[in-house]
There are 2 protein chains.
Amino acid sequence: MSRPRPLVPRGDPADSVRVVGEFGVISRVLARSGTAAAAEVGPGDDAAVLRAPDQRVVVTTDVLVEGRHFRRDWSSAEDVGHKAAAANLADVAAMGATTTALVVGLACPPDTPTSWLEGVATGLADECAPMGAAVVGGDTVAAAADSAGVVLSVTALGDLGGRAPVLRSGARPGDVVALAGRLGWSAAGLAVLRRGFASPLAVVTAHRRPTPPYAAGPAAADAGATAMCDVSDGLVADAGHLARDSGVLIDLDRAALEQACLEPVGPLQQVGSALGVDPMAWVLSGGEDHALLATFPRKAILPEGWVPIGTVRPGKRGAGVRVNGEAAEEALRAVGAERGGHVHFG
Amino acid sequence: MSRPRPLVPRGDPADSVRVVGEFGVISRVLARSGTAAAAEVGPGDDAAVLRAPDQRVVVTTDVLVEGRHFRRDWSSAEDVGHKAAAANLADVAAMGATTTALVVGLACPPDTPTSWLEGVATGLADECAPMGAAVVGGDTVAAAADSAGVVLSVTALGDLGGRAPVLRSGARPGDVVALAGRLGWSAAGLAVLRRGFASPLAVVTAHRRPTPPYAAGPAAADAGATAMCDVSDGLVADAGHLARDSGVLIDLDRAALEQACLEPVGPLQQVGSALGVDPMAWVLSGGEDHALLATFPRKAILPEGWVPIGTVRPGKRGAGVRVNGEAAEEALRAVGAERGGHVHFG
């Protein structure tokens, strides 16, 4: 993995983590965190205490590494906060739950400006606020002086509100495969940024601040979804996880996917034309939009925002994913997306 | 902060994170994680689901940075896992709760041996297992190729079992200040390691694998503790947090502290003599043993493992900490511990 281009200047040395100190950073950052509706004890003690009326708690964690998941010259501090929160909130949604709180671990070079950390805190808070969630705890430490960048580790807690969690392992032959949210926009935005451009803004913004369809997760659970996951590694890769864990084959319908993801004609085609890329490559293999992928019984009524994109067929474990009955690897190769995995820089 | 000495060789390049890949690492690591008694859904899905019969959940997070909180030539991978877990389990105990599960975020250089990560996972699992807890989720990512080291971010969830959480803000004038667990052992062990020695093993082991008195936390809550915290930044510093948050003055009794921490004569005096350090410096300012510090009503019966070390007196917010009525800063200076804060390398 090559080192990204030099980062933007790191700001006023008098306002760095080194000078302000860890305790100063924590209090500044938490002052921006808002209040979690579920918090009985908020930040500032040894631990937070959250109400969990459901008597169960959903928990997930994601790590973002500077130079790998974000670049400070491509994304603002607020963008990084939004993105880090979104990755976790989408995981909670993919269980059929709603996020109640975040805790944040942050290791940063001593010369990181505290204003940058405040921006991250603002982004985290703003992404959580619509669902009543907030950061309830954290640990900010200075990394080694020669460390390559910021490491941001976010853990989200969520509440199922009485729903059964929707696992990856429940898909059954005959189920409908459905999608909520966008695919390929973040990957297209990344492709634009890598060429040194900053437009079209729609895809660049999608890369900087994904907008997962959080409410679609609990709605899918209520509608009887048999399996669900978020698309963070790319559609083919994540459909492969569902197929493996459920012991089925997932057959994606290319026409339905095109209709769901490429109609009406929009920025994916525009960027594809400009860069000589088949936009279906981004749809099939781009991660980080955090769409939700689920399977529903054939007679289920898909909730708002969900569209059918395929069918579950019988298959042994490892049978994998097909596109119009053809091995997904072939479909990926045909559109120039060589790997099934997640498109990231590195 | 100076760069630590060169780390030990990073092992067989064919067994590195770069080669095995993130998914391979995750599955290898989780295979060592044991099973959390509270887990309804364990690792491997978008999120884990934990039972929370108390209808509340305690949550805390701590970040450990290589070269700052541990060194691979001073601590084994298992040691690092134990230490990372202990820091979090002690925070949960300091609320009066018991840890039910951990989630782990890990950013590591691509050449990190997977066997090292497996060792960390084993250490985490072994530290949690006695209380029925385990790692239920995680995210392992390769950091930038030139990153300085491993960043390990651990989040612990805990259950209060019907107890009211014990905050830092509840100490009242007249309360007894009490201690459970050891002070200064980790700092003495660190001092030994910094001089290039590896004995006495008792303090070196205390630095590598702290042994916080987890059960003393819930026991203190049951006995009516009015305030509690874990000692991670040093006794004077953490007593200062209690004093500030409770709006009181904490007066430590030096004779009681000596009796609690330096009798019978043991390795602290032995190391102090060898290095020309007053062992009381480590007792007053050494962190990372994760002892528990609490205040109890004067008539409370201290549970097993708790010993009185001082008295809560009236004080305005910020009144701080005294030792035998003298400002703690003076006491620190007298024993050669210039700073009230936590002793760490860096």
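The chains referred to below are lettered A, B, ... by the order of the sequence lines, with proteins before strands, and numbering in each begins at 1.
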Next item on the list: Without swapping roles, check the side chain of Thr60(A) against the backbone of Asp46(B) for a donor-acceptor pair under 3.5 Å.
Entry: yes
Note to self: Please give me the minimum heavy-atom distance between Ala52(A) and Ala52(B), naming the atom from each residue.
What the structure shows: CB-CB, 4.2 Å
Next item on the list: Taking all non-hydrogen atoms of both residues into account, name the closest pair between Gly44(A) and Asp245(B) and its distance.
Entry: O-OD2, 4.1 Å
Checklist line | Nearest-0.5 Å distance, CZ of residue Arg56(A) to CZ of residue Arg51(B) | finding: 10.0 Å
Margin query: Any side-chain to backbone donor/acceptor pair from Asp139(A) onto Val63(B)? Under 3.5 Å, distance only.
Written below: yes
Checklist line | Region of Thr61(B) in contact with chain A, defined by heavy-atom distances below 4.5 Å | finding: both
Item checked: Closest non-hydrogen atom pair, Ala142(A) against Arg68(B) -> O-NH1, 3.1 Å
Next item on the list: Mark yes or no for whether Asp45(A), through its side chain, and Arg168(B), through its backbone, hold a donor-acceptor pair below 3.5 Å.
Entry: yes
Notebook entry, point to check: Any idea which of Val57(B), Val41(B), Val103(B), Val58(B) has the most non-hydrogen atom pairs under 4.5 angstrom with chain A?
Noted result: Val57(B)
Next item on the list: Under 4.5 Å heavy-atom distance to chain A, tell me which part of Val49(B) shows up: side chain, backbone, both or neither.
Entry: both
Check: Where does Val154(B) contact chain A at under 4.5 Å (heavy atoms): side chain, backbone, both or neither?
Finding: neither
Note to self: As an exercise: rank Pro53(A), Gly158(A), Ser169(A) by heavy-atom pairs under 4.5 Å with chain B and give me the winner.
What the structure shows: Pro53(A)
Note to self: So which atom in Ala47(B) and which in Met95(A) form the shortest heavy-atom distance, rounded to 0.1 Å?
What the structure shows: O-CE, 3.3 Å
Notebook entry, point to check: Which bit of Leu64(A) is near chain B, if near means a heavy-atom gap under 4.5 Å: side chain, backbone, both or neither?
Noted result: neither
Checklist line | Partner chain A: residue of Val104(B), Leu160(B), Asn88(B), Asp91(B) with the largest heavy-atom pair count (under 4.5 Å) | finding: Asp91(B)
